[in-house]
Amino acid sequence: LAALVVGFGAVIAVDWFALLWLLGRRSLNDLMSVASAAHLPIWLGLAGLVLTGALCRPDLALPLTWIKLGLVLLVMLNGLYAYAVGERLARVIPGSVPPGLLRTAAMIAAVSQFGWWGAVLIGFVNAQ
């Protein structure tokens, strides 16, 4: 539970600031500051969830377990891609972000939320 709170909590903070930035309510510098500060807790939380999930011996015979594992992989790959896109965003002049990069940032946030919420919901369903 602690790993979930740390990792997913940090993801929600970053994605919230990303949404506010996309809506023009926060600056790119605000988003980059939050993302930079949340980077370590996100990965520590995800690592903690993967480790504790493996120790709980998931039932690999259940299709939902495989879907959850796929969502966790999606979240991890999306996080690596988000880091690379963040590096590109850090190099642009605020107010002049190319539309394609804006769409990419929005997609990263959507995939992040889908993956995290999906894995959490499947974990809850599997625990029943």
d(Leu46 CG, Leu4 CG) to nearest 0.5 Å is 10.5 Å
**Val50 with Leu44, same ILVMFWY side-chain cluster at under 4.5 Å** = no
Result block: side-chain N/O donor-acceptor pairs under 3.5 angstrom for residues 58-68, not counting sequence neighbours:
| residue | atom | partner | partner atom | Å |
| --- | --- | --- | --- | --- |
| Asp59 | OD1 | Ala61 | N | 3.0 |
| Thr65 | OG1 | Asp59 | O | 2.9 |
| Thr65 | OG1 | Asn126 | ND2 | 3.4 |
| Trp66 | NE1 | Leu60 | O | 2.6 |

Taken to the nearest 0.5 Å, the spacing of Leu101 CG from Arg103 CZ works out to 10.0 Å
Distance col, row Ile42:CD1 vs Ile12:CD1, nearest 0.5 angstrom, shows 10.5 Å
Practice task
For the pair Trp117 and Phe8, name the ring-plane relationship: parallel under 30°, tilted 30 to 60°, perpendicular over 60°.
Solution key: perpendicular
Taking every heavy atom of Gly86 against every heavy atom of Met32, the minimum-distance pair comes out as O-CE, 3.1 Å
Pairwise side-chain contact, Tyr81 with Val111, heavy-atom cut-off 4.5 Å (strictly under): no
_Backbone of Ile108 reached by a side-chain donor or acceptor of Asn78 within 3.5 Å_ = yes
- Task: Please tell me if the side chains of Val11 and Gln113 come closer than 4.5 Å, counting only heavy atoms from C-beta onward.
- Result: yes
> Are Ser112 and Val75 close enough that some pair of their side-chain heavy atoms sits under 4.5 Å apart?
Replying inline: no
Shortest non-hydrogen pair, Val14 vs Ala38, comes out as CG2-CB, 3.4 Å
message = Please tell me whether Val34 and Trp116 are part of a single hydrophobic cluster in this structure, the criterion being side-chain heavy atoms less than 4.5 Å apart.
response = yes
Worksheet item: Side chains of Arg26 and Leu31: does their closest heavy-atom pair fall under 4.5 Å?
Response: no
Exercise for the section: Please tell me if the side chains of Trp21 and Leu28 come closer than 4.5 Å, counting only heavy atoms from C-beta onward. Expected result: yes
Would a single hydrophobic cluster contain both Trp16 and Val85, if residues Ile, Leu, Val, Met, Phe, Trp and Tyr are joined by side-chain heavy-atom contacts under 4.5 Å?
yes
Rounded to the nearest 0.5 angstrom, the CG-CG distance for Leu1 and Leu49 is 9.5 Å
| query | Under 4.5 Å between side-chain heavy atoms, hopping through other hydrophobics if needed: is there a path connecting Leu80 to Leu89? | reply | yes
- Would Val6 and Trp43 show up in the same hydrophobic cluster when neighbours are defined by side-chain heavy atoms closer than 4.5 Å? no
_Donor-acceptor under 3.5 Å (Thr104 side chain, Gly100 main chain)_ = yes
In terms of heavy-atom contacts, Pro41 and Ala37 come closest through CD-O, 3.5 Å
